[in-house]
Asker: 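First the structure, which I've put down as structure tokens, then a few questions once you've had a look.
First listed ligand is number 1; within each ligand, the first listed atom is number 1. Please read all numbers here as calculations on a predicted model, not as lab measurements.
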Amino acid sequence: MKKTEIIPVHANNPQPEAIQKAAALIIAGEVVAFPTETVYGLGANAFNPQAVDKIFIAKGRPAHDPLIVHISTIDDVAQVAVDIPDFVWRLAKNFWPGPLTLVLKRQATIPLNVTAGLDTVAVRVPNHLVALALIKASQTAIAAPSANLFSGVSPTSAQHVLADLDGRIPLILDGGMTSVGVESTVLDCTISPAQVLRPGGVSLQQLREFLGQIDVFTKENGEAQAVRSPGMLDKHYSPRAKLYLCLSTNAEMYRPFFQKYVQQQLNLGQKVGVMSAKEDEIWLKEQFPQVEIITVGSENQPEQIANRLYSALRELDSRRVDCIFSRDFGEAGVALAIRDRLIRAAFEVVRF
Ligand code: TXA
Ligand code: MG
């Protein structure tokens, strides 16, 4: 296929020429990869079903997985959704621009391939000047999933996008590393109380402080969920290597787990990687000098871990490890989103 062009762009002061070039592609019905504060998105004109189809083709994404519609200002919600309740306006005013996606009743003008045939639509205002400038210059709403191959690890840099989509898309706007590092929180506002379908950059604590009661999707109500949000239960965010997750934040639990499982894999002649907290780094290096260790941050700073999570998984894959081990990082703030992604990415979850 054609060559993929990468244009560097200042994250805080995007060059108008770069934005114009990308917007011209969106207007012409093409797809463009661009940075948001969470992960890179692969965008197309949300009102052009043929353009939206190109997103699914480039990613290899099945049609039953709906996309998020990105707008540049809260005033444009009414172009995308109808019957917007009062609490949604309050939420949007408080959390936008930011990593919160609201599921609302769909406006009839939104093509059905955007919403995978659902009568609801997911919408957010991203907190990134490149994304906002691109949406404005394109004079439309932009439908965009994460800019990775379907079911793989989401991209937090232009290089990640290129590694997955080289030759499959015409342009990547390179605004450097994203800041949040995990995707937006998806909140279904069409039911009462509102329900978190996917934890993300805005924490459950923040939402509860603001709104009061909020439900969270769990396995127990998973059947209803599968109908309302297809795609959510699929295996996702997976590196090539097999990820083993020890679902504990207690060193007395996960260290013996590492000792047993890592040794087992080494005995089998496997190349082993570990995604480590700062607190475990020295211990791990002493125990396993022959293992690839990437430290993602302190267990007390989940924002830092979220920021490095996907690049660590991609880096371990590029070092060609056969398996990756990780502990859990708890559920405070963005740590809940980290746990969600690790569970979905895992080949095996070891529970205690
Ligand atoms: O941070 C993010 O949200 C990034 C950036 C690019 O904005 N986007 C992203 O998109 O993560 P994607 O396609 O990888 O994830 C979208 C999620 C999916 O889990 C999908 O099921 C859910 O949003 N979703 C989209 N429309 C929905 C709807 N109408 N009802 C329920 N869930 C929906
Ligand atoms: Mg995705």
Side-chain angles (χ1 to χ4, degrees), residues 31-44 46 52 55-56 58-71 80-81 95-107 110-128 130-132 134-135 141-156 160-161 164-165 173 175 178-191 194-202 217 224-238 306 310 334 337 340-341 344-345:
V31 295
V32 171
F34 62 97
T36 79
E37 80 279 34
T38 57
V39 300
Y40 274 70
L42 181 63
V52 168
I55 296 175
F56 288 91
K59 283 188 56 117
R61 180 173 174 123
H64 62 72
D65 201 354
L67 308 178
I68 294 173
V69 176
H70 298 69
I71 54 178
V80 171
F95 291 101
W96 285 353
L100 178 65
T101 294
L102 303 174
V103 174
L104 307 172
K105 279 196 191 151
R106 165 180 157 268
Q107 174 69 262
I110 295 288
L112 280 169
N113 58 350
V114 171
T115 65
L118 298 173
D119 57 3
T120 58
V121 62
V123 56
R124 82 178 189 104
V125 178
N127 187 19
H128 196 295
V130 173
L132 293 173
L134 177 62
I135 299 164
I142 294 186
S146 50
N148 53 283
L149 286 173
F150 178 68
S151 90
V153 178
S154 297
T156 53
H160 294 165
V161 179
D164 277 18
L165 301 179
L173 288 177
T178 64
S179 54
V180 176
V182 292
E183 296 84 349
S184 61
T185 303
V186 178
L187 183 69
D188 187 347
C189 300
T190 66
I191 50 166
Q195 189 187 42
V196 170
L197 301 180
R198 176 179 75 181
V202 168
F217 162 73
Q225 168 75 14
V227 176
R228 248 196 5 267
S229 185
M232 204 78 85
L233 296 179
D234 293 347
K235 190 169 155 66
H236 251 90
Y237 312 104
S238 302
Y310 292 146
V334 76
D340 173 79
R341 304 307 187 270
R344 288 172 202 268

Asker: If we only count heavy atoms from C-beta on, is the Ile135 to Pro126 side-chain gap below 4.5 Å?
Answerer: yes

Asker: Can you tell which part of Gln195 has a heavy atom less than 4.0 Å from ligand 1: side chain, backbone, both or neither?
Answerer: neither

Asker: Does His70 have a non-hydrogen atom less than 4.0 Å from ligand 1?
Answerer: yes

Asker: Is it true that Arg106 lies under 4.0 Å from ligand 1, counting heavy atoms only?
Answerer: no

Asker: Out of all atoms in ligand 1, which are within 4.0 Å of some heavy atom of Pro66? Include the element for each.
Answerer: 20 (C), 21 (O), 24 (N), 25 (C), 26 (N), 27 (C), 33 (C)

Asker: Is a donor from one side chain sitting under 3.5 angstrom from an acceptor on the other, for Arg341 and Ser154?
Answerer: no

Asker: Compute the shortest N/O to N/O distance between Ser146 and ligand 1 and return yes if it is under 3.5 Å, no if not.
Answerer: yes

Asker: Of all the heavy-atom pairs spanning Pro111 and Ala46, show the shortest one and how long it is.
Answerer: CD-O, 2.9 Å

Asker: If you count the atoms of ligand 1 from 1 in the order shown, which ones are under 4.0 Å from a heavy atom of Leu197?
Answerer: 31 (C), 32 (N)

Asker: I'd like to know if the side chain of Ser238 pairs up with that of Arg344 as donor and acceptor (distance under 3.5 Å, no hydrogens or angles considered).
Answerer: no

Asker: With atoms numbered from 1 as shown, which atoms in ligand 1 lie under 4.0 angstrom from a non-hydrogen atom of Leu118?
Answerer: 28 (C), 29 (N), 30 (N)

Asker: Determine whether the side chains of Ser146 and Glu183 contain a donor N or O and an acceptor N or O closer than 3.5 Å.
Answerer: no

Asker: May I ask you to check whether Thr120 has an N/O atom sitting below 3.5 Å from an N/O atom of ligand 1?
Answerer: yes

Asker: Is the backbone N or O of Tyr310 less than 3.5 Å from a side-chain atom of Tyr237, with the two atoms forming a donor-acceptor pair by type?
Answerer: no

Asker: Would you please determine whether Thr115 falls within less than 4.0 Å of ligand 1 on a heavy-atom basis?
Answerer: no

Asker: Enter the distance from Thr156:OG1 to Asn148:CG here, rounded to the nearest 0.5 Å.
Answerer: 10.5 Å

Asker: Rounded to the nearest 0.5 Å, what separates atom CG in Asp65 from atom CZ in Phe56?
Answerer: 7.0 Å

Asker: With rounding to the nearest 0.5 Å, note down the distance linking CG in Leu149 to CG in Leu42.
Answerer: 10.5 Å

Asker: Give, for atom OG of Ser151 and atom NZ of Lys59, the distance between the pair rounded to the nearest 0.5 Å.
Answerer: 9.0 Å

Asker: Could you tell me which non-hydrogen atom of Leu100 sits nearest to which non-hydrogen atom of Ser184, and how far apart they are?
Answerer: N-CB, 4.0 Å

Asker: Would you compute the distance between atom CG of Leu112 and atom CG of Asp119 and round it to the nearest 0.5 angstrom?
Answerer: 9.5 Å

Asker: Going by heavy-atom distance to atom 1 (O) of ligand 1, choose the closest among Thr38, Ile68, Thr178.
Answerer: Thr38

Asker: Sort by chain and number the protein N/O/S atoms found under 2.8 Å from the Mg ion (ligand 2).
Answerer: Ser146 OG

Asker: Nearest 0.5 Å, what's the CZ-CG distance between Phe217 and Asp340?
Answerer: 9.0 Å

Asker: I need the atoms of ligand 1 closer than 4.0 Å to a non-hydrogen atom of Arg198, numbered in the order shown.
Answerer: 2 (C), 3 (O), 9 (C), 11 (O), 15 (O), 16 (C), 17 (C)

Asker: Which ligand 1 atoms are under 4.0 Å away from a heavy-atom of Asp65?
Answerer: 20 (C), 21 (O)

Asker: Can you find a non-hydrogen atom of Arg124 under 4.0 Å from ligand 1?
Answerer: yes

Asker: Which atoms of ligand 1 have any heavy atom of Val103 under 4.0 Å away?
Answerer: 30 (N), 31 (C)

